[in-house]
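This chain uses plain numbering: 1 for the first residue, then up along the sequence.
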Amino acid sequence: MNIFKQTCDSLNLDWKNHLVGQSYDGAANMRGNYNGLQSLIKDINPHTIYVWCWAHRLNLVITDVVNSGVNGMDMYNKKQIRRIKRVTTTRWMSFLYALDVVLSTYLAVLDTLETMRNKDGLGDRKSGFKAGAILDYLKTYRFVWTALILKKLFDILSPTSSILQSKDLDLMLAVSMIEQNKIKISILRSDESFESLSQEVDAFVLEQADENEEFIQLPTPRLQKKKKMSGELSDNEVISDPIQNIKVNTYFSAIDIVLRQLSKRFRNKSISVFKNLSLLTKALPNNLHIKYKEIFGSESEHESDDGNDEEDNNSENIASNIKNNLGRLTLPITTASPERAFSKLKIVKNRLHFTMGQERLQGLIRITREKDIIVNYENIIDTCASKSLHLLKALVL
């Protein structure tokens, strides 16, 4: 809280009166209802609206999907000997990127694992055993079913994740995309969609299967007898069909987890605020842009050509209100940009650049993050060349 106050004071920001929105991740020190930063700010300025970062929420939904069943956990929790793509819960859509790489380079991955098992395994039994275990797992229908199920869900959620990380995020677009994702995923929960997925699995196996080797079929669920307790009216029925088992316990289960988590994590009062703010855009008259320079460029009251033109008068009033309250209409719903800044900081300030000054560090961070800034390279060369005679000879002469 002290750092927040010092930062606002240094920037001359009157947060006690003008702050209307705050957005953080779901960490307890930020989101806590009693001692979290958002709670401490609300104690002083009770009108501020706290928004749990939507990009973080959607990433948690994806993590819950991966951990929704045994098949998903087995696929991503296999220890990787040499990483193709790093998979962590804090990287945006890292599960999708890793899955796409494995599916697109499937045969190359199998050849690599086989080479590691046959050659590296001779000197390192542990690495050879792990490579063999992953190789055997990738040649099973269980892997193919799980991978294609998760990929179908990730393909729906990935565009929303990318939009939630953008800087110029439209409030209503974020709300509508979450609702559209719920509709699209609900459509997948049908026998027709599962049958279509079954055809995709067969096509993948037919394309990738080796002539000398066959994919291992889905395991038959083991029948377990469970004692029927007093008061129970039904027996514990076990699904014996492997296809029906993966349909119920993996396919439908993953879909239900996504729908339940989307409804749970994106259900708050701030959604109604987003909708109300987005209505301001629709309420503007069509000819407002024509009078933009005249209204915003002069502090004097605009004189309409026709005093009876009610629409023109409304344009002036609305535009004047927007000008006076523009800063108060800003409500953050994502913290992807600050998170990205920390990621860039780790890249720029490594162990080789640990002793750089604050001014140089800020300049490198700005160059790394702000890709859209136009850089005058001639001025940079001239500035560097003026620092020493050696640089002058190397860069100019």
Side-chain angles (χ1 to χ4, degrees), residues 26 51-69 71-73 75-76 85 87 89 91-104 143-166 168-204 243-268 270-275 278 282 333-334 336:
V51 180
W52 183 6
C53 174
W54 281 37
H56 282 84
R57 287 196 232 181
L58 186 59
N59 199 52
L60 291 175
V61 172
I62 296 170
T63 304
D64 292 335
V65 174
V66 173
N67 297 326
S68 62
N71 293 330
M73 290 188 291
M75 186 174 69
Y76 279 104
K85 280 286 186 178
V87 178
T89 57
R91 286 181 176 264
W92 312 115
M93 296 303 296
S94 60
F95 295 103
L96 173 62
Y97 301 148
L99 186 58
D100 283 341
V101 171
V102 173
L103 293 178
S104 60
F143 163 76
V144 178
W145 271 102
T146 306
L148 295 184
I149 288 173
L150 294 179
K151 189 177 187 307
K152 190 174 287 291
L153 295 174
F154 292 163
D155 288 341
I156 297 176
L157 298 175
S158 178
T160 304
S161 178
S162 300
I163 290 178
L164 291 179
Q165 299 173 47
S166 60
D168 53 346
L169 176 62
D170 182 78
L171 299 178
M172 197 58 189
L173 177 61
V175 175
S176 62
M177 289 203 69
I178 294 297
E179 296 300 325
Q180 290 176 9
N181 286 345
K182 293 181 182 179
I183 296 174
K184 292 179 181 178
I185 294 175
S186 299
I187 296 175
L188 294 179
R189 203 185 192 288
S190 63
D191 295 336
E192 292 77 11
S193 298
F194 182 79
E195 183 62 29
S196 176
L197 180 63
S198 177
Q199 296 176 2
E200 294 180 15
V201 171
D202 294 336
F204 180 86
I243 299 296
Q244 187 68 15
N245 179 60
I246 202 160
K247 176 182 179 180
V248 174
N249 294 325
T250 302
Y251 183 68
F252 284 167
S253 176
I255 293 176
D256 292 341
I257 287 289
V258 175
L259 294 176
R260 184 163 61 249
Q261 291 298 323
L262 286 176
S263 301
K264 176 183 177 182
R265 297 188 183 277
F266 293 93
R267 180 186 59 193
N268 53 25
S270 60
I271 292 182
S272 61
V273 179
F274 300 159
K275 293 181 178 179
S278 65
K282 300 180 179 180
I333 64 173
T334 179

Let me confirm one number: the CG-NE2 distance from L164 to H56, rounded to the nearest 0.5 Å. 11.5 Å
Does K264 come within less than 4.0 Å of D64, counting only side-chain N to carboxylate O? no
Nearest 0.5 Å, what's the CD-CD1 distance between E195 and I243? 9.5 Å
Partners of F194 by ring pair (Phe, Tyr, Trp, His ring centres under 6.0 Å), sequence neighbours excluded? W145, Y251
Rounded to the nearest 0.5 Å, what separates atom CD in E179 from atom CZ in F266? 10.5 Å
When you measure from the side chain of S104 to the backbone of V101, do you find a donor-acceptor pair of N or O atoms at a distance under 3.5 Å? yes
Output yes when a side-chain donor or acceptor of S263 lies under 3.5 Å from a complementary backbone atom of L259, and no otherwise. yes
Would you say D100 and F154 make side-chain contact, with heavy atoms under 4.5 Å? no
Distance col, row F95:CZ vs S158:OG, nearest 0.5 angstrom, shows 13.5 Å
Evaluate side chain to side chain contact (heavy atoms under 4.5 Å, CB included) for V65 paired with Q261, printing each intermediate quantity in order. CA-CA 9 Å; V65 174; Q261 291 298 323; over 6 Å; no
Interatomic distance, CD1@I183 vs OG@S176, rounded to 0.5 Å, equals 10.0 Å
Please examine the side chains of W52 and L60, heavy atoms only from C-beta on, and report whether any two atoms are closer than 4.5 Å. yes
Taking E192's backbone N and O only, do any of them form a donor-acceptor pair with S196's side chain (distance below 3.5 Å, no angle check)? no
Is the closest side-chain heavy-atom distance between I156 and Q180 below 4.5 Å? no
Is there a side-chain contact between L197 and L188 in this structure, where contact means two heavy atoms from C-beta onward sitting under 4.5 Å apart? no
K151 versus L103, closest heavy-atom pair with distance: CD-CD1, 3.6 Å
Are side-chain heavy atoms of L96 and D155 found at a separation under 4.5 Å? yes
Using the rule given for side chain to side chain contact (heavy atoms under 4.5 Å, CB included), can you reason through L58 versus L262, listing the C-alpha separation, both sets of side-chain angles and the distance that settles it, and then say yes or no? CA-CA 8 Å; L58 186 59; L262 286 176; 4.0 Å; yes
Is there a side-chain contact between V258 and N181 in this structure, where contact means two heavy atoms from C-beta onward sitting under 4.5 Å apart? no
Rounded to the nearest 0.5 Å, what's the gap from OG1 on T160 to CE on M177? Could you check? 3.5 Å
Taking the side chain as everything from C-beta on, heavy atoms only, tell me whether I187 gets closer than 4.5 Å to K184. no
Check whether any side-chain heavy atom of I178 sits under 4.5 Å from a side-chain heavy atom of R57, and report yes or no. no
